[in-house]
Amino acid sequence: MKSKSKSKKITGSEALLRTLIAEGVECIFGYPGGQAIPIYDKLYDYKDKLRHVLVRHEQGATHAAQGYARVSGKVGVALVTSGPGATNTITGIADAMLDSTPMVVITGQVPSSLLGTDAFQEVDVIGITLPVTKWAYQVRRAEDMAWAVSRAFYIASTGRPGPVVIDIAKDAQVGEVDYVYKAVNFIRSYQPWPEIDPERVRKAAALINSARKPFALIGQGVILSGAEKELKTFLEKADIPAGSTILGLSAMPSDYRLNKGMLGMHGNIGPNRKTNECDVLIAIGMRFDDRVTGALNTYAKQAKIIHIDIDISEMDKNVKTDVKVLGNAKDSLREITKWLKPAKHERWINSFAADEKEERRKVIEKEINPVDGYLRMGEVVRKVSEATDNEAVLVTDVGQNQMMSVRYFKYTRTRSVVTSGGLGTMGFGLPAAIGAKFGAPDRTICLFVGDGGMQMTLQELGTIMQEKLDIKIVLLNNNFLGMVRQWQELFFKERYSSTEMENPDFVAIAKAFRIGAREVQKREDLDDAIREMLHYKGSYLLVADVGKYGMVYPMVPAGGCITEMLY
């Protein structure tokens, strides 16, 4: 338990900053404004202890905080002003909520005497953010500052992580308080760590022990709870093949023998097919998203289903289960593994080989080893991954670039995938890569982005320039909003309504921000361009001109059966 600090009368703004430091914060992503000036003024005195990263838009602050949190495992922090500053954070807050990302967003607010008067740059931050946060609280007195901030960090980081908003009235920032820091580590109405039911553990183990064709679905909950080692022990003991959600991909190395690939709409053929062939399905730290399940009325109807999750609201929400184990993945897997009997499922595991061979022949080889024609997204992604020895952190934007990246990038370490999963936020990639670099400064950060998403948060190149960061940006440029175009081609009779884009000179823009850049159009130039990018000291933009009409396959049509894939 953290000890109390000695009392000293200070302003609410200083109490905020001291509490952030006490909670272990080292980096803040923010943008100043009128109702946050007292905080920024005091931050000037703490710049040696709290690094402030000046983003170019408040949405960028939240996505950067997300990227930081996802690779570091710490709480990301964003600091903005009231009114439009606060409302510009909503997309990032909602994104963090859906993807269980621990984040604290601090917003300035008008003085409490003006609340409800439609004062200049006043907006009901609490009312707006309550639906997309774990907790939202307005501080109106300096005396409540330390308690509220510590409580925010406790809620954001425990149980199923998520975003918290602290809205601070200006008088609470300038008022004085006898400051005493005391960490919040208990809230009577909040139980982040449910007690695991031994009976349910035994029932789950019994089902797994009786299985002839067990299959595990790995979600981000494994990574969030630090259960990578426990997962491997669990899978090895019972010899269980596994597939991953997008957010759970780096929980296992890509070349791990029991890792059978990605689940879902653009997932691998084997994991999708085997979901509807297995006799016991074990979902670990995942929420049965519709992009993973497809049509629920045809999803895993033959299987007994075990669901391991820390959030009771996810139990039976989408898929009805036979055994529910409520608890974090790390502890739950450890307890279940104690009751498992060593097993071998060689024939079942080997049955994935035919699906892998089919996918390689019909899809993968054409994408990563094309013999002619235009550059493919997949070949660019795979070559960059291999050039980093598969050790880099992958950050993606949203769209075809995202699906191709997560499919063809390879992982050797955990916390190596930063992408917008549940909300699918275009513009996420560039600011998230900035946060990822601060969260993992010693790792290579590779961002893959499309021409559409790039232009949504293009201004964050200014943040990269000012902070002198080293981020490798690969722009997969097809002059289209590619994923929408793919749907228009497949399901809307090739009526390409408002999806073709006339783009600027991205290389010139990057150079204007003093960022290295190069454009590549020919396959024979790709290897040299990748080498140049990776060896360049500082950030670099590689624009790869890929085919305008490329497709991401396999694909399960929305609402279709998970095994009915288009090639």
Side-chain angles (χ1 to χ4, degrees), residues 63-64 66-74 220 223 228 244 246-256 259 261-262 367-368 375-398 401-421 428-450 453-454 460-461 464 467-476 510 515-518 520 526-544 546:
H63 293 328
Q66 288 177 272
Y68 175 89
R70 293 271 284 275
V71 299
S72 70
K74 301 176 182 178
Q220 190 188 198
I223 296 171
E228 294 89 348
S244 296
I246 287 177
L247 296 182
L249 277 172
S250 64
M252 303 177 287
S254 298
D255 60 358
Y256 176 49
N259 184 355
M262 189 172 79
E367 186 64 35
I368 66 171
L375 281 176
R376 266 68 163 187
M377 291 188 184
E379 69 175 310
V380 177
V381 172
R382 179 59 61 84
K383 283 180 176 291
V384 172
S385 181
E386 291 174 348
T388 65
D389 294 326
N390 303 324
E391 289 278 346
V393 174
L394 168 68
V395 184
T396 87
D397 206 79
V398 166
N401 66 88
Q402 176 187 34
M403 293 299 109
M404 286 297 194
S405 299
V406 295
R407 278 183 57 84
Y408 295 111
F409 213 79
K410 298 299 178 184
Y411 319 102
T412 57
R413 299 167 62 179
T414 190
R415 294 190 177 274
S416 291
V417 180
V418 180
T419 191
S420 174
F428 172 89
L430 188 57
I434 291 170
K437 189 61 183 179
F438 280 101
D442 296 330
R443 298 189 66 184
T444 300
I445 307 297
C446 290
L447 165 65
F448 287 87
V449 61
M454 181 71 173
E460 297 307 331
L461 291 176
I464 291 174
E467 295 293 336
K468 298 177 175 56
L469 301 177
D470 185 358
I471 298 170
K472 308 309 180 187
I473 306 166
V474 182
L475 173 56
L476 300 172
I515 292 171
R518 177 176 174 179
V520 61
L526 182 58
D527 288 339
D528 181 66
I530 292 172
R531 276 194 301 271
E532 181 179 322
M533 175 182 70
L534 293 177
H535 287 92
Y536 187 85
K537 295 188 183 300
S539 289
Y540 191 100
L541 173 66
L542 174 60
V543 181
V546 297

Across all chains, not counting sequence neighbours, the salt bridge (charged side-chain N to carboxylate O under 4.0 Å, His left out) partners of Lys383 are Asp527

dist His63:NE2 -> Leu430:CG (nearest 0.5 Å) comes out at 10.5 Å

Hits for salt bridge (charged side-chain N to carboxylate O under 4.0 Å, His left out) against Glu367, two or more places apart or cross-chain, chain-then-number order -> none

Between Leu542 and Ala529, the two heavy atoms sitting closest are CD1-CB, 3.8 Å

Rounded to the nearest 0.5 angstrom, the CZ-OH distance for Arg376 and Tyr408 is 11.0 Å

With sequence neighbours left out, the residues meeting side chain to side chain contact (heavy atoms under 4.5 Å, CB included) with Arg415 are Ile223

Report yes if some heavy atom in the side chain of Met533 is under 4.5 Å from a heavy atom in the side chain of Arg518; otherwise report no.
no

Across all chains, not counting sequence neighbours, the side chain to side chain donor-acceptor pair (under 3.5 Å) partners of Thr419 are Thr396, Gln402

Flag side-chain contact, heavy atom, 4.5 Å: Ile246 against Met262: yes

Using modelled atom types only, decide if a donor and an acceptor are shared between the side chain of Asp397 and the backbone of Phe428 within a distance under 3.5 Å.
-> yes

Heavy-atom nearest pair, Tyr411 first then Val406, reads OH-O, 3.3 Å

Rounded to the nearest 0.5 Å, the CD1 atom of Ile473 sits from the CG atom of Leu461 at a distance of 5.5 Å

The side chain to side chain contact (heavy atoms under 4.5 Å, CB included) partners of Ala517 (sequence neighbours excluded) come to Val507, Ala510, Lys511, Leu541

CD (Glu391) and CZ (Arg413) are apart, to the nearest 0.5 Å, by 5.5 Å

For residues Leu247 and Arg70, determine if any side-chain heavy atom of one lies less than 4.5 Å from a side-chain heavy atom of the other. yes

Contacts of Glu379 meeting salt bridge (charged side-chain N to carboxylate O under 4.0 Å, His left out) (sequence neighbours excluded), chain-then-number -> Arg523

* To do: Would you mind checking if Asp470 and Lys472 are paired as a salt bridge, meaning a charged N to carboxylate O distance below 4.0 Å?
  => yes

By ring pair (Phe, Tyr, Trp, His ring centres under 6.0 Å), Tyr68 pairs with (sequence neighbours left out) none

Hits for salt bridge (charged side-chain N to carboxylate O under 4.0 Å, His left out) against Lys437, two or more places apart or cross-chain, chain-then-number order -> none

On a heavy-atom basis, the closest approach of Pro253 and Asn259 is O-ND2, 3.1 Å

Scanning both residues in full, the closest heavy-atom pair of Met404 with Gly378 reads SD-N, 4.3 Å

Notebook entry, point to check: Tell me, do Thr444 and Val393 make a side-chain contact under 4.5 Å, heavy atoms counted?
Noted result: no

Tightest non-hydrogen contact, residues Thr388 and Phe409, listed as OG1-CZ, 4.4 Å

Rounded to the nearest 0.5 angstrom, the CG-CD1 distance for Leu469 and Ile515 is 9.0 Å

The ring pair (Phe, Tyr, Trp, His ring centres under 6.0 Å) partners of Tyr536 (sequence neighbours excluded) come to Tyr540

Has Ser250 got a side-chain atom pairing as donor or acceptor with Thr414's backbone, closer than 3.5 angstrom? no

* To do: Report yes if some heavy atom in the side chain of Val474 is under 4.5 Å from a heavy atom in the side chain of Val449; otherwise report no.
  => no

Quiz item: Side chains of Glu467 and Phe438: does their closest heavy-atom pair fall under 4.5 Å?
Solution: yes

Find out whether Val543 and Val520 are in side-chain contact, i.e. whether some heavy atom of one side chain is under 4.5 Å from a heavy atom of the other.
-> no

Min side-chain heavy-atom separation Leu475-Phe448 under 4.5 Å
no

Ser539 and Ile464 have their tightest heavy-atom pair at OG-CG2, 3.1 Å

With sequence neighbours left out, the residues meeting side chain to side chain donor-acceptor pair (under 3.5 Å) with Ser72 are none

Asn390 meets the side chain to side chain donor-acceptor pair (under 3.5 Å) criterion, sequence neighbours left out, with Ser385

Arg443 meets the side chain to side chain donor-acceptor pair (under 3.5 Å) criterion, sequence neighbours left out, with Ser416

CZ of Arg407 to CG of Leu249, rounded to nearest 0.5 Å, is 11.0 Å

